[in-house]
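What follows is a single structure, written as C-alpha coordinates, with notes after it.
Sequential numbering from 1 along the given sequence is applied to the chain's residues.
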Amino acid sequence: MKHASFYLLAPNQQLSTITTQEELICSLVYKTWHYKNKRVLIACKNKKQAIQLDDMLWENLPYSFIPHNIANAGPKHGAPIELTWEDFCSNKKYDVVVNLLTKCSNYILSFCEIIDFVPLEESSKKLARERYKQYRNQGFKLNTIKLSQPQIKYH
(Lines give C-alpha, C1' and ligand atoms only; values in the text may rest on other atoms or scores of the structure.)
Protein backbone atom coordinates (compact mmCIF):
# COMPACT_ATOMS: atom_id res chain seq x y z
CA MET A 1 0.00 0.00 0.00
CA LYS A 2 1.18 3.53 -0.74
CA HIS A 3 1.74 5.81 2.23
CA ALA A 4 2.65 9.42 2.87
CA SER A 5 3.87 10.91 6.14
CA PHE A 6 3.54 14.61 6.91
CA TYR A 7 5.75 16.16 9.58
CA LEU A 8 4.43 19.26 11.38
CA LEU A 9 7.03 21.44 13.07
CA ALA A 10 6.35 23.56 16.15
CA PRO A 11 7.06 27.31 15.89
CA ASN A 12 9.84 27.18 18.48
CA GLN A 13 11.85 24.82 16.31
CA GLN A 14 13.18 27.41 13.87
CA LEU A 15 16.91 27.94 14.23
CA SER A 16 18.96 30.81 12.84
CA THR A 17 21.14 29.12 10.22
CA ILE A 18 19.92 25.52 9.98
CA THR A 19 16.23 24.88 10.28
CA THR A 20 14.87 22.00 12.26
CA GLN A 21 13.20 20.84 9.05
CA GLU A 22 16.60 20.50 7.38
CA GLU A 23 17.99 18.60 10.36
CA LEU A 24 14.88 16.42 10.35
CA ILE A 25 15.38 15.69 6.65
CA CYS A 26 18.95 14.53 7.33
CA SER A 27 17.79 12.35 10.21
CA LEU A 28 14.90 10.80 8.26
CA VAL A 29 17.10 10.12 5.25
CA TYR A 30 19.71 8.46 7.44
CA LYS A 31 17.14 6.28 9.23
CA THR A 32 15.38 5.31 6.00
CA TRP A 33 18.63 4.30 4.32
CA HIS A 34 20.53 2.84 7.29
CA TYR A 35 17.77 1.02 9.19
CA LYS A 36 15.25 0.25 6.44
CA ASN A 37 17.79 -0.27 3.64
CA LYS A 38 15.78 1.92 1.25
CA ARG A 39 17.02 4.21 -1.50
CA VAL A 40 15.85 7.81 -1.05
CA LEU A 41 15.27 10.61 -3.53
CA ILE A 42 15.13 14.14 -2.10
CA ALA A 43 13.04 16.32 -4.43
CA CYS A 44 14.20 19.89 -3.70
CA LYS A 45 12.55 23.14 -4.78
CA ASN A 46 15.62 24.22 -6.73
CA LYS A 47 19.29 23.48 -7.28
CA LYS A 48 20.30 25.93 -4.53
CA GLN A 49 18.30 23.96 -1.95
CA ALA A 50 19.76 20.69 -3.26
CA ILE A 51 23.30 22.03 -2.81
CA GLN A 52 22.48 23.30 0.69
CA LEU A 53 21.09 19.90 1.76
CA ASP A 54 24.05 18.18 0.09
CA ASP A 55 26.38 20.25 2.27
CA MET A 56 24.33 19.43 5.38
CA LEU A 57 24.48 15.71 4.65
CA TRP A 58 28.29 15.97 4.52
CA GLU A 59 28.85 18.33 7.43
CA ASN A 60 26.14 17.77 10.01
CA LEU A 61 26.30 14.06 10.65
CA PRO A 62 29.43 13.68 12.76
CA TYR A 63 28.68 10.06 13.72
CA SER A 64 27.20 8.83 10.47
CA PHE A 65 28.04 8.62 6.79
CA ILE A 66 25.25 8.95 4.26
CA PRO A 67 26.23 7.97 0.70
CA HIS A 68 24.58 10.61 -1.46
CA ASN A 69 25.04 12.80 -4.50
CA ILE A 70 23.39 15.57 -6.45
CA ALA A 71 21.59 14.49 -9.62
CA ASN A 72 23.87 13.66 -12.56
CA ALA A 73 26.92 13.53 -10.30
CA GLY A 74 28.61 10.67 -8.52
CA PRO A 75 28.59 6.99 -9.46
CA LYS A 76 27.06 5.74 -12.71
CA HIS A 77 24.24 3.87 -10.98
CA GLY A 78 23.71 6.62 -8.42
CA ALA A 79 24.13 6.69 -4.68
CA PRO A 80 21.50 5.37 -2.27
CA ILE A 81 20.50 9.00 -1.64
CA GLU A 82 20.07 11.45 -4.51
CA LEU A 83 19.14 15.13 -4.44
CA THR A 84 17.20 16.51 -7.39
CA TRP A 85 15.20 19.67 -7.98
CA GLU A 86 11.97 20.70 -9.60
CA ASP A 87 11.47 19.57 -13.19
CA PHE A 88 14.36 17.12 -12.93
CA CYS A 89 13.26 13.50 -12.70
CA SER A 90 15.82 10.89 -11.86
CA ASN A 91 16.01 7.86 -14.14
CA LYS A 92 17.25 5.71 -11.25
CA LYS A 93 15.08 3.54 -8.98
CA TYR A 94 14.33 4.89 -5.49
CA ASP A 95 12.04 3.51 -2.78
CA VAL A 96 11.14 6.71 -0.93
CA VAL A 97 10.82 10.35 -1.95
CA VAL A 98 11.27 13.29 0.39
CA ASN A 99 9.03 15.89 -1.24
CA LEU A 100 10.15 19.48 -0.69
CA LEU A 101 8.28 20.78 -3.74
CA THR A 102 5.32 23.08 -3.21
CA LYS A 103 3.17 21.17 -5.70
CA CYS A 104 2.73 17.48 -6.25
CA SER A 105 3.72 16.09 -9.65
CA ASN A 106 2.88 12.76 -11.28
CA TYR A 107 6.52 11.83 -10.74
CA ILE A 108 6.15 12.25 -6.96
CA LEU A 109 2.86 10.32 -7.01
CA SER A 110 4.62 7.38 -8.69
CA PHE A 111 6.41 6.56 -5.41
CA CYS A 112 4.94 4.14 -2.86
CA GLU A 113 6.35 6.07 0.10
CA ILE A 114 6.44 9.84 0.47
CA ILE A 115 7.84 11.99 3.26
CA ASP A 116 6.41 15.51 3.24
CA PHE A 117 6.31 18.53 5.55
CA VAL A 118 3.87 21.16 6.72
CA PRO A 119 5.79 24.45 6.88
CA LEU A 120 5.08 27.12 9.49
CA GLU A 121 4.01 29.86 7.07
CA GLU A 122 0.25 29.95 6.46
CA SER A 123 0.57 30.24 2.66
CA SER A 124 2.83 27.17 2.62
CA LYS A 125 0.44 25.28 4.90
CA LYS A 126 -2.27 25.80 2.30
CA LEU A 127 -0.05 24.17 -0.35
CA ALA A 128 0.69 21.28 2.03
CA ARG A 129 -3.06 20.76 2.49
CA GLU A 130 -3.43 20.56 -1.30
CA ARG A 131 -0.69 17.92 -1.50
CA TYR A 132 -2.39 16.01 1.32
CA LYS A 133 -5.64 15.98 -0.67
CA GLN A 134 -3.80 14.80 -3.79
CA TYR A 135 -2.16 11.95 -1.89
CA ARG A 136 -5.50 10.95 -0.37
CA ASN A 137 -7.21 11.05 -3.79
CA GLN A 138 -4.46 8.79 -5.15
CA GLY A 139 -5.14 6.19 -2.44
CA PHE A 140 -2.22 6.89 -0.13
CA LYS A 141 -2.54 5.92 3.53
CA LEU A 142 -1.79 9.19 5.32
CA ASN A 143 0.09 9.72 8.56
CA THR A 144 0.63 13.04 10.34
CA ILE A 145 3.43 13.42 12.86
CA LYS A 146 3.37 16.50 15.08
CA LEU A 147 6.76 17.39 16.49
CA SER A 148 6.54 19.54 19.59
CA GLN A 149 10.06 18.97 20.86
CA PRO A 150 13.26 18.61 18.86
CA GLN A 151 13.68 14.91 18.16
CA ILE A 152 16.75 14.86 15.97
CA LYS A 153 18.75 11.71 16.56
CA TYR A 154 20.83 9.99 13.91
CA HIS A 155 21.14 6.64 15.64
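- The shortest heavy-atom contact between Glu22 and Met56 is CB-SD, 3.4 Å.
- For Asn137, the CG atom sits in a packed shell: over 12 heavy atoms of surrounding residues, nucleotides or ligands are nearer than 6.0 Å.
- The closest side-chain heavy-atom distance from Thr144 to Tyr7 is not below 4.5 Å.
- The backbone N or O of Gln134 sits nowhere less than 3.5 Å from a side-chain atom of Gln138 that would complete a donor-acceptor pair.
- Although no hydrogens or angles enter the test, the distance criterion places a donor-acceptor pair under 3.5 Å between the side chain of Thr32 and the main chain of Leu28.
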Got a list of side-chain donor-acceptor pairs under 3.5 Å for residues 95-116, not counting sequence neighbours?
{"from": "Asp95", "atom 1": "OD2", "to": "Arg39", "atom 2": "N", "distance (Å)": "2.7"}
{"from": "Asn99", "atom 1": "OD1", "to": "Leu101", "atom 2": "N", "distance (Å)": "3.0"}
{"from": "Asn99", "atom 1": "ND2", "to": "Asp116", "atom 2": "OD2", "distance (Å)": "3.4"}
{"from": "Asn99", "atom 1": "ND2", "to": "Tyr135", "atom 2": "OH", "distance (Å)": "3.0"}
{"from": "Ser105", "atom 1": "OG", "to": "Tyr107", "atom 2": "N", "distance (Å)": "3.4"}
{"from": "Ser105", "atom 1": "OG", "to": "Ile108", "atom 2": "N", "distance (Å)": "3.2"}
{"from": "Tyr107", "atom 1": "OH", "to": "Ser90", "atom 2": "N", "distance (Å)": "3.2"}
{"from": "Tyr107", "atom 1": "OH", "to": "Ser90", "atom 2": "O", "distance (Å)": "3.3"}
{"from": "Ser110", "atom 1": "OG", "to": "Tyr107", "atom 2": "O", "distance (Å)": "2.5"}
{"from": "Glu113", "atom 1": "OE1", "to": "Lys38", "atom 2": "NZ", "distance (Å)": "2.8"}
{"from": "Asp116", "atom 1": "OD1", "to": "Arg131", "atom 2": "NE", "distance (Å)": "3.3"}
{"from": "Asp116", "atom 1": "OD1", "to": "Arg131", "atom 2": "NH2", "distance (Å)": "2.9"}
{"from": "Asp116", "atom 1": "OD2", "to": "Arg131", "atom 2": "NE", "distance (Å)": "2.9"}
{"from": "Asp116", "atom 1": "OD2", "to": "Tyr135", "atom 2": "OH", "distance (Å)": "2.7"}

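- Aromatic rings of His68 and Trp58 (six-membered ring for Trp) have centroids within the 6.0 Å cut-off, being under it.
- Between Val40 and Pro80, the closest side-chain pair of non-hydrogen atoms is not below 4.5 Å.
- Hydrophobic clustering (ILVMFWY, side-chain heavy atoms < 4.5 Å, transitive): Leu127 and Val118 are in distinct clusters.
- Pairing each heavy atom of Pro119 with each of Lys125, the nearest pair is O-CG, 3.1 Å.
- A salt bridge links Glu122 with Arg129: the distance from a Lys NZ or Arg NE/NH1/NH2 to an Asp or Glu carboxylate oxygen falls below 4.0 Å.
- Residues Ala50 and Leu83 come closest through the heavy atom pair O-CD2, 3.6 Å.
- A distance of 6.0 Å or more separates the ring centres of Phe6 and Phe117.
- Distance check: Cys44 SG to Ile51 CD1 gives 10.0 Å after rounding to the nearest 0.5 Å.
- Taking each heavy atom of Trp33 and Ile66 in turn, the nearest pair found is CZ3-CA, 4.5 Å.
- Both Tyr35 and Leu57 sit in one connected hydrophobic cluster of ILVMFWY residues. Membership requires side-chain heavy atoms under 4.5 Å apart, directly or through other members.
- Between Ile42 and Thr84, every side-chain heavy-atom pair lies at or beyond the 4.5 Å cut-off.
- Lys141 contributes atom NZ, which lies 9.5 Å from atom OG of Ser5 (distance to the nearest 0.5 angstrom).
- Lys2 pairs by the salt bridge (charged side-chain N to carboxylate O under 4.0 Å, His left out) definition with nothing, not counting sequence neighbours.
- Between the side chain of Asn69 and the main chain of Glu82, no donor-acceptor pair closer than 3.5 Å is present.
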